Amino acid sequence: MTVRTRFAPSPTGYLHIGGVRTALFNWLLARHYGGQFVLRIDDTDQQRHVEQAVARIVEGFRWLGIDWDEGPEVGGAAGPYFQSQRTEHYRAAAERLMASGHVYRDYSTEAERAADRAAAEKAKRAYRFRRIEYTEEQLRQFESEGRPYALRFAVPPGRTLRLDDAIKGTVEFATDEIGDFVILRPDGSPLYNFASVVDDVTMGITHVIRAEEHLSNTFPQLLIFEALGARLPVFAHVPYVAEPGSKAKMSKRKMEEYAKAGILLYLHDYIERGYLPEAVLNYLARLGWSYDGTQEIFTREELIEKFTLERVNSSPASHDQDKLFWIEGEWMRAQPMDRKVAGCAEFLAREGLVRLPLDPATRSRLEAVITALGDRLKTFSDVVKLGRYFFTETLTHDPDAVRKRLRKDGVVEMLRELDDLLARTEPFDLATLEAAVHAYAEQTGRKMGDVVNPLRVATTGQAVGPGLYDCLVILGRESCRRRIGETIAMLERGGATGT
RNA sequence: GGCCCCGUCGUCUAGCCAGGUCUAGGACACGACCCUUUCAAGGUCGCGACACGGGUUCAAAUCCCGUCGGGGUCACCA
């Protein structure tokens, strides 16, 4: 039997990190066993911009390298893959259950149910819908007046359901805890528990890996599988992803708060910041799963080879952005120059700092910048943050840097001397410049830091960055001298928020 | 509230199922030092956990019970 897994996002367009992890586990399991991964769109709600949302979801998975064997854009034999287009399946399944006596027509009104629920609440009991027995006469009357009805599942009393969950282990649940639940609304639209089972059965899903909030839902679903005479899939309920630094579940209401705190929760946040898909994939896989307790870095292939459900943790994991950032750094360091150039160029172009495609001169400058940046480059967008001044002649001084390094007695004088030194240094390369600056410091009796740091700020505007001589060489003699002149002018007029 | 799931360093986790090898291992973060013109990187060292209470046992992070804490579910939401 080949393994078939699925992920069924609702088309809001936002791929939450927890959801992506669930999808990843499904994908990994399918690939591990050489099976298929199905993408199914859960659009049972009447949503408005389904197409755009699906495009975004598709884009997210493609970016990560999670491919699907069946689903939107690729089709497949078990289609359609949009629940809104599968109403015929739900209707047919409901009819079978009706014929076999597993479901019944419920004519109850909203008011009746609300009253029951209120009574249950008042009595501090759980509310369970129980079948209302109508007389033949009532039924005839309801039918003749066309009174709307929902289809409900008649839950058998007194049974204990048993689930062997691949992550949670054996879980038992009494059917007495389950009220008769609706499978089809009066308008014929299915409810999640029903649609999900019908789809899983008709699509031949063998392993249902989903968020643990569905664990309790599984028991009514078990009843539906049974009534349909379908073979049970393996269930695996994955623990939720908690807030950073806590065991509390992330809440949708606190999204703005998280964003303010710099916590990124959507896949697209990471795409937009220029993270590497390999790193995000690696991080997500390790969140709640481990191989041997020591290995942290996994390639896509290793993940496929090593992933099993037994190694998925049964307790919640909280999102650890620092760790993701570290993994990102590890992956970035391992990338070849071409990949870094391509990734960085995109972000520079977005800022209007370079034009695509790169001309040869810009390309070789970018390569030099990337080499100089070294491990400081963690995400592609870092090239903008750390190396902007290499791609624009507009010098922007960081006020803190100016205050700390330039607003000192004698600095302007020294900068004039250094400008003169740069004018004379020949050739204008790393070794020669380094020797020249060293000699200058020695001759004038200055500490290296007192020469190098002001020179850095004078040429780049920033207090931090790659090695100074790397910067000077990449900028070139003319640009360096022009910038020094500009800095001196700025200092003399008391600019960059100083006095 | 009933029912169900979960509880090892701040965080991700190994160990738990098959009790001793655990004075609990690794990683991120954090701190110190080294290197160093800045910031990273790298190196060395350090800080730091079995939620709590009982029980079983010669022996418990591991098995059992209870408490506490977190989460889910009890919808004509998904």
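Keep in mind the model is a prediction, meaning the values are calculated, not measured. Every chain is numbered from 1 and lettered A, B, ... according to where its sequence line falls, protein lines coming before strand lines.
Of the C1' atoms belonging to B/G15 and B/U23, the separation is 16 Å, rounded to the nearest Å. Taking atom P in both B/U8 and B/A61, the straight-line distance is 15 Å, to the nearest Å. Taking atom C1' on both B/C50 and B/G25, the two are 13 Å apart, rounded to the nearest angstrom. For the C1' atom pair drawn from B/U73 and B/A78, the interatomic distance equals 13 Å after rounding to whole Å. The separation of B/U21 from B/G71, taken at their P atoms, amounts to 35 Å, rounded to a whole angstrom. Only the P atoms considered, B/C22 is 35 Å distant from B/C34, to the nearest whole Å. Rounded to whole Å, the separation between the C1' atoms of B/G46 and B/G2 comes to 50 Å. Look at the P atom in both B/C63 and B/C17: the space between them is 5 Å, to the nearest Å.
Electrostatic pairing of A/Asp400 and A/Arg403 counts as a salt bridge here, judged by a charged N lying under 4.0 Å from a carboxylate O. Salt-bridge check for A/Glu143 with A/Arg147: failed, with every basic side-chain N at 4.0 Å or more from each acidic carboxylate O.
Across all strands, A/Tyr469 comes closer than 4.0 Å to base atoms (heavy-atom distances). Contacts of A/Gly169 with the nucleic acid, taken as non-hydrogen atoms under 4.0 Å apart, are absent. If you check every strand for non-hydrogen atoms under 4.0 Å, A/Ala317 touches sugar and phosphate atoms only. Residue contacts shown for A/Ser196 are absent, as no nucleic acid heavy atom lies under 4.0 Å away. Contact annotation for A/Gly374: no contact, since no heavy-atom pair falls under 4.0 Å across all strands. Contact annotation for A/Asn313: backbone-only contact, meaning every heavy-atom pair under 4.0 Å involves sugar-phosphate atoms and none involves a base. When heavy atoms are screened at a 4.0 angstrom cut-off, A/Arg210 is found touching no nucleic acid atom at all. Nucleic acid contact for A/Asp322: sugar-phosphate only, since backbone atoms but no base atoms lie under 4.0 Å from a heavy atom of the residue. Among the protein residues, A/Pro244 comes within range of no part of the nucleic acid, since none of its heavy atoms lies under 4.0 Å from any strand. Residue contacts shown for A/His237 are absent, as no nucleic acid heavy atom lies under 4.0 Å away. Residue contacts shown for A/Glu296 include a base, since a base heavy atom lies under 4.0 Å away. Using a 4.0 Å heavy-atom cutoff across all strands shown, A/Glu172 reaches sugar-phosphate atoms only and no base atom. Counting any heavy atom pair closer than 4.0 Å across all strands shown, A/Arg113 reaches a base atom. Residue A/Leu287 is classed as a sugar-phosphate contact, given heavy-atom separations below 4.0 Å to backbone atoms only.
Note on residues 151-161 of chain A: pairs passing salt bridge (charged side-chain N to carboxylate O under 4.0 Å, His left out), not counting sequence neighbours, are A/Asp106-A/Arg152, A/Arg159-A/Glu226. For residues 174-184 of chain A, the pairs satisfying side-chain hydrogen bond (donor to acceptor under 3.5 Å, both in side chains) are A/Tyr104-A/Asp180, A/Arg128-A/Glu177, with sequence neighbours left out. The side-chain hydrogen bond (donor to acceptor under 3.5 Å, both in side chains) pairs that include a residue from residues 275-291 of chain A are A/Glu278-A/Arg339, A/Asn282-A/Trp331, A/Tyr283-A/His319, A/Arg286-A/Glu296, where partners are two or more places apart or lie in different chains. Residue pairs that meet the side-chain hydrogen bond (donor to acceptor under 3.5 Å, both in side chains) test with at least one member in residues 449-460 of chain A, sequence neighbours left out, do not exist here. Residue pairs that meet the salt bridge (charged side-chain N to carboxylate O under 4.0 Å, His left out) test with at least one member in residues 373-382 of chain A, sequence neighbours left out, are A/Arg333-A/Asp375, A/Asp382-A/Lys385. Legend: salt bridge (charged side-chain N to carboxylate O under 4.0 Å, His left out) pairs involving residues 189-203 of chain A, not counting sequence neighbours, sorted by first then second residue: A/Arg6-A/Asp200, A/Arg40-A/Asp199, A/Arg40-A/Asp200, A/Arg86-A/Asp199.
Base pairing of B/U23 is not made with any nucleotide, judged by Watson-Crick or G-U wobble geometry with both donor-acceptor distances under 3.5 Å. Under the Watson-Crick or G-U wobble criterion, with both distances below 3.5 Å, B/A18 has no partner in any strand shown. Remark: B/G69 base-pairs with B/C6. Criterion, Watson-Crick or G-U wobble with two distances under 3.5 Å. Using Watson-Crick or G-U wobble geometry with both donor-acceptor distances under 3.5 Å, B/C63 finds its partner in B/G55. In this structure, B/C74 and B/G1 make a Watson-Crick or G-U wobble pair, each of the two defining distances being under 3.5 angstrom. For B/G42, the paired nucleotide is B/C34, the pair qualifying as Watson-Crick or G-U wobble because both relevant distances are below 3.5 Å. Pair assignment for B/A49: none, as no Watson-Crick or G-U wobble contacts are both less than 3.5 Å.
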Q: Starting from the C-alpha separation in whole Å, work towards a yes-or-no answer on salt bridge (charged side-chain N to carboxylate O under 4.0 Å, His left out) for A/Glu243 and A/Lys249.
A: CA-CA 6 Å; A/Glu243 288 175 5; A/Lys249 199 188 181 215; over 6 Å; no

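When RNA chain B is scanned 5' to 3' for any atom under 4.0 Å from a heavy atom of chain A, the first and last hits are B/G1 to B/A78.
For A/Ala120, the side chain to side chain contact (heavy atoms under 4.5 Å, CB included) partners are A/Arg125, A/Tyr127, not counting sequence neighbours. For A/Val464, there are no side chain to side chain contact (heavy atoms under 4.5 Å, CB included) partners two or more places apart in sequence or in a different chain. Every residue two or more places apart in sequence or in another chain that forms a ring pair (Phe, Tyr, Trp, His ring centres under 6.0 Å) with A/Phe142 is listed here: A/Tyr107, A/Tyr134.
Proximity of the aromatic rings of A/Phe194 and A/His89 is defined here by a centroid distance below 6.0 angstrom, and this criterion is not met.
For residues 184-193 of chain A, proximity to RNA chain B is found at A/Arg185, A/Pro186, A/Leu191, A/Tyr192, defined as any non-hydrogen atom under 4.0 angstrom from a strand atom. Of the residues in residues 375-382 of chain A, those lying under 4.0 Å from RNA chain B by heavy-atom distance are A/Asp375, A/Arg376, A/Lys378.
For the residue pair A/Tyr90 / A/Glu95, no side-chain donor-acceptor distance below 3.5 Å is found, with atom types taken as modelled.
Place A/Arg117 and A/Arg456 on RNA chain B by their nearest nucleotides, and A/Arg456 ends up nearer the 5' end. Each of A/Lys249 and A/Tyr291 was assigned the nucleotide of RNA chain B with the nearest heavy atom; the assignment lying further toward the 5' end belongs to A/Tyr291.
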